[in-house]
Number of protein chains: 2
Amino acid sequence: MNTSPPRSLRHAAGRPSPTLEDLALAAGVSRSTASRAINGGDRVSPAAQAAVDRAVVALGYIPNRAARSLVTRRTSSIALVIPEPDVRVMMDPFFAVVITGITEALRETDVQLVLLMSRTDDDSARTLRYLRGGHVDGAIVVSHHEADSWARSLAETGLPTIFIGRPWDMTFDVTYVDTDNVGGGKLAAQHLSGIGRRRLATVAGPADMTAAVDRLRGWKAGLAEAGLPEGPVVHADFTTDGAAAAARLLLAEHPDIDGIFAASDLMALGVMEAIQAAGKTVPGDIALMGYDNHAVAETASTPLTTITQPMVEMAVKAGSMLLEEIEAPGSHPEPVIYSTRLVERESTSVAPTASAANA
Amino acid sequence: MNTSPPRSLRHAAGRPSPTLEDLALAAGVSRSTASRAINGGDRVSPAAQAAVDRAVVALGYIPNRAARSLVTRRTSSIALVIPEPDVRVMMDPFFAVVITGITEALRETDVQLVLLMSRTDDDSARTLRYLRGGHVDGAIVVSHHEADSWARSLAETGLPTIFIGRPWDMTFDVTYVDTDNVGGGKLAAQHLSGIGRRRLATVAGPADMTAAVDRLRGWKAGLAEAGLPEGPVVHADFTTDGAAAAARLLLAEHPDIDGIFAASDLMALGVMEAIQAAGKTVPGDIALMGYDNHAVAETASTPLTTITQPMVEMAVKAGSMLLEEIEAPGSHPEPVIYSTRLVERESTSVAPTASAANA
DNA sequence: AATTCCGGTGGGAGCGCTCTCACGCTGTTC
DNA sequence: GAACAGCGTGAGAGCGCTCCCACCGGAATT
């Protein structure tokens, strides 16, 4: 077992930065008082506080985080765990949004975000060791299908953890934020039935991802409410190509379909390909819906009606929930579910396709 | 001046993790020997090494990074600085690629990536303080137009730093990796002239970004080599809407243009809009090129011919260069420039538009 | 007038680690 | 056989910080 840095970093800081002792000396107080002044100023006279403040500026004092962390056993950093083996997934704007949101939540804090990506099982072990090693005060796990094992392992360490996206395994205490995928799926069913489509099908996501399962459940519920039959369901892997293949089969078996709900915009793109390849039009012959309100939904040759979800808010919430749980350990906050909203575009307009050509 | 954590984290680790002392006791050696065994095993007898190794496994020992860092003055973490005020930019897949690449470079290392985003000037100051504070061993700065001030400030701290994308201000020692934007611009000119277009124009990026300036320089050089006039140049801000507006003006003033090079794929999308709004077709009337090989280049209604660049490799290189410079301070490595490549798609095909409808 | 209280203060210990240094102990050399 | 390497080892100091505790003096209470 190798616990040492495989490649260590050798770097001596330029000139030695001033220590707390230097600061205290410059301010004419004791090290203790200087420390108190720096950490919120409890039990410090205004005079002493002012003297320390002045010295901080004069010396350009910056507390040594390692020393502080050594004694407080707090690191002022949290980890964002991305348990994805695939570079492709990292390309998903989803992550950018998540990172942005968390950073936003951390703004008024001096907490730093440490990025942990584990592509392989080997990495996973290392990452887990890192988290367990108390190098961070908490973690946010972006939950895709792999998250289950993480959830359990992390729960066992007692490290404050928030999941973004409901983890698959919920047999123990786990805090998460998520969007209302069930509601989103239902919204899709309501919209497509609302514009008069009656022979509806869906290209669902993988059956081992909670988001996909939930969207499908909502979709079915929505159809039932509208008094429509469940209709055909095919699964794909959230990729454009995968959805195109699935849709080809779907269309071949059910040539009379007049509405399709794809569980992601990227998949909707693939479905659109298949529809056009079958010589049909969107929305003329088949109304098409996506999910996510991804950038491509707007730029697609026929802009996609889709479901949008407040991802940034969700990420911000995850960040602030984590901070809360770190400050008050044991206070397991309730999961927060964000509602979704329909975004109408041409792909479900009743009028025939009017792609491009808009002054 | 507030140097204190505005909101501090209070978290006590579960049960106390074993210390080096515990480890030494368990292994039957001194703390010193245990330390040596853990750090590479110099001057440690095989017997002692084995005993320590066994104890590490038995106790689940994980060295305390804070303590180590306190004495070594190394942190085993590097910062990725994203000096972008705008969330939109964060959405750029560019960042995902950069992060992926750096992570890749750090794989066999226990170096962690700390993410530093500074949206406001206020944040910039904090970020700079953080970097200066010796919390990281080095930094990678993703250079967009703001990078100038960063470059100078960081250079002054002596912190090992690598820029991704040539910084604007090069009046001092700075190490960077970049792609050959000049070559890419030239490639665009060669391709458009090569397919017989003669009345060429370009929608360039902002004049305060090196990437934009370089692409434009290459474009002009390429036109000159082909014996063509420089042609009209308009600038836009790398956004779709901005480029659309710029292109409308361009087309109004020069209705006879038969080829346009947009300095990014997103801008090319805007240009395409403007072309279609003017009642013309791509590539029938006007051949259109983008840059970046962004995902939208492929999904656009008329897929875009574009310039691709090895971004992942570039990011990996940045990471490994930083590690090198950290290990051997003062060894300012030479800048590395990656070459670009043309990707042909329909937007410059000689045949008339065949958008969609491909079995 | 004697007591308690409490805001403000400084001294000291110690967080877990690395690193210098001095001490054996086995080989090698003259 | 005396002198010297040099390897493996352990004791000890100390990195910069926080926190506990004891202390002091003036205000509030008896």
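Bear in mind the structure is a predicted one, so any value in this text is a computation, not a measurement. Residue numbers start from 1 in every chain, and the chains themselves are labelled A, B, ... in the order their sequence lines are given, proteins ahead of strands.
Residues B:V71 and A:G28 each lie close to DNA chain C; by heavy-atom proximity, the contact nearer the 5' end of the strand is made by A:G28. Where B:A48 and B:L70 each meet DNA chain D at their nearest nucleotide, the meeting point lying more 5' is that of B:A48. Along DNA chain C, the nucleotide nearest to A:V44 and the one nearest to B:R31 differ in position, and the one closer to the 5' end is contacted by A:V44.
A donor-acceptor contact under 3.5 Å is formed by the side chain of A:R36 with the base of C:dG10. A donor-acceptor contact under 3.5 angstrom links the side-chain atoms of A:S32 to the base of C:dG11.
Across D:dT9, D:dT18, C:dG8, the shortest atom-to-atom separation from the side chain of A:R43 is found for C:dG8. The side chain of B:S45 sits closest to D:dG8 out of D:dG8, D:dC17, C:dC19. Checked against D:dT18, D:dC17, C:dC15, the side chain of A:A67 finds its nearest nucleotide in D:dC17.
For A:Y61, no side-chain nitrogen or oxygen approaches OP1 or OP2 of D:dG16 to under 4.0 Å. Applying the 4.0 Å criterion to OP1 and OP2 of D:dC15, one finds that A:N64 has every side-chain N and O outside that range. An OP1 or OP2 oxygen of D:dG10 is reached within less than 4.0 angstrom by a side-chain nitrogen or oxygen of B:T33. Contact annotation: B:S30 side-chain N/O to D:dG10 OP1/OP2 distance is under 4.0 Å. For the pair B:S35 and C:dT18, the criterion of a side-chain N or O lying under 4.0 Å from OP1 or OP2 is met. Not one side-chain nitrogen or oxygen of A:S69 sits closer than 4.0 Å to the OP1 or OP2 atom of C:dC15.
B:R132 contributes no side-chain N or O that, together with a main-chain N or O of A:G60, makes up a donor-acceptor pair within less than 3.5 Å.
Atom CD1 of A:I38 and atom P of D:dG16 are 14 Å apart (whole Å). What separates CG of A:L20 from P of C:dG14 is a distance of 19 Å, to the nearest Å.
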Kindly indicate, with the supporting measurements, whether the criterion side chain to side chain contact (heavy atoms under 4.5 Å, CB included) is fulfilled by A:L23 and A:I38. CA-CA 10 Å; A:L23 185 71; A:I38 279 176; 3.3 Å; yes

Given the rule in the side chain to side chain contact (heavy atoms under 4.5 Å, CB included) test, do B:V136 and B:L159 qualify, once you have shown the distances and angles that lead to the verdict? CA-CA 9 Å; B:V136 292; B:L159 187 76; 4.3 Å; yes

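Within 4.0 Å of A:R65, counting heavy atoms only, lies no atom of the nucleic acid at all.
Residue A:V81 forms a side chain to side chain contact (heavy atoms under 4.5 Å, CB included) with just one option from A:L128, A:V142, A:V141, and that option is A:V141.
A pairwise comparison of heavy atoms in B:I102 and B:A315 identifies CG1-O, 3.9 Å as the closest pair.
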